[in-house]
Amino acid sequence: MKNENQKLKIIPLGGAGSVTKNMFVYESEKDIVVVDCGMGFPDESMLGVDLVIPDISYLLERRKKVRGIVITHGHEDHMGALPYILPQLNVPVFGTRLTMGLIEVKLKEHQLLKKVRLQTVNMDQQLQLGDFHLSFFAVCHSIQDAMGIILKTPVGIIVHAADYKFDWTPVDGQTFEVEKLAILKKQGGIKVLLSDCLRIEKEGYTLSEKAIGEAFDRETEKASGRVMITTFSSNISRIQQAAEVAAKHHRYLVLVGRSVEQNVEVARKLGYLRFPAGILVKVDQIKGVAPQKLMLIVAGSQGQSGSAMVRIANRDHRFVRITEGDTVIFASDPIPGYSDGVYNLIDRLSDQGANVIYSEITDDVHVSGHASKQELALMLGLTKPEYLIPIGGLLRHQKHLALLAQEMGMPKDHAFILKEGDAVELGPNWAAKVAEKVSVSDVMVDGTGIGDVGEIVLRDRQVLAEEGIFVVIINLDKKTGKLVHPPDIISRGFVFMKESEDLIARSQKIVEQVIAEHSQKQAEKGFIRRKIIDGLERFLYGQTERRPMVLPVIIEL
Ligand SMILES: [Zn+2]
């Protein structure tokens, strides 16, 4: 299959130098295969933006070459952008059963289910997508049915190992299929390994998911009131363990929050979750049930606004109120960058009398889904790749995985630290970073709009959020160009109007002056607007040292 003239490109459109928004392009002469299609979370500068998706301009320009998108697992940052990407690029999507079940729920919400091509694969299946021959290996992660991909390409074998860890006592019994990687040495060896690197800073091994069940058991044993557990709602193994602990302690299980209910429904339907009979009670039925008879699984472990956990903390939930003696377990760590919201939530719950257990207090109520340093070393030793591309981590994580590979004997220039839009080109006997980047930008989704919020809209939102708005409504006589009555001023987020009568009156004067100066000249409206903005901005800054957004509205009567 190898041919000296063959070339292949690997391009991360997202998920390199960043943790979320994963999307990787494998491109040969004739074909493209995409791995993952994740969403990202907006940073603080992206006011009001719901989520961020990868920029697929590169793929749209080559849409005829794209053979499909393979999804490694059912986490949002690996498949959450599908509802936004598929309408633009409707190619087949491949994934395992649980992954596909979760994707179907998302696509259904967006009324896309009938329009897309979904194909479920199992771990032992093989796929030929143009130049690429794909096979899969099971990996352990904080969601079941996660997989890595072995791509046999015209330039050699590439292993794509997105989020993973090695868990030899997994709750669902599915261990990492190391044998499928070990055998590749006999087939000519692995040319490139793309590997998770997020937890490289932690020495040793990540704990087994099983440790969580023991922690739930211990905390439930101690609890005198209700037990509420909040975790990522896609962590089915954790919900399974909670259910078993509930049964052991003769508690009913209550699902609180839409994402938990939806994911549990999919996982039960597909057989990934088995509840002891009669254990489930609906949240609207818990009134009157003794507190020590209840365990609640609550959505919103990251303090997402509007989530069940946040509504409970705000005393705004229809059926659940915190009372003295409740135990709340945060079986999750805050996503980097979101910890303030989570700690604030913990404070508010504690304030209402809950005994809150979180990972700073007890280190076994959450275990990571990512491999620690010794596991990453195991992966490198197992695969012995010629080249390495660390993925799914920040720059420092990428660097440290590259260093680890060097310690294990890889030449320094065989590890590529990539950012979004960087490309690596490979031939059968060489690999090099491409000088020219693929142009990518964050595509922001706000409500139903995709990509229509850009720099200018964000800058306006920034001003509105920090300085407020100052609106002047000007009614002009169509014939004379004179004011019909004094200008109306409305302001929000700038000054308290009732105590700023003087400021408002003087602002009105400034507007009147501008109009008077220009009414005879029949000046153009845009010009008058600009003059009013300039005059008011200068005046308001002089008075308050603030720069609200000044917005004149001219109406001709
Ligand atoms: Zn993941």
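All ligand and atom numbering here is 1-based and tracks the order in the structure.
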Check whether the side chains of [X] and [Y] place a donor and an acceptor atom closer than 3.5 Å, and report yes or no.
| X | Y | result |
| --- | --- | --- |
| H400 | E201 | no |
| R199 | H397 | no |
| D172 | S237 | no |

Identify which one of T120, V121, T99 satisfies the side chain to side chain contact (heavy atoms under 4.5 Å, CB included) criterion when paired with F94.
-> V121

For F137, which residues count as a ring pair (Phe, Tyr, Trp, His ring centres under 6.0 Å) partner, sequence neighbours excluded?
-> F176

What protein N, O or S atoms come within a distance below 2.8 Å of the Zn ion (ligand 1), ordered by chain and number?
-> H73 NE2, H75 ND1, H141 NE2, D163 OD2

Is a side-chain donor or acceptor of N122 paired with a backbone partner of D124 at a separation under 3.5 angstrom?
-> yes

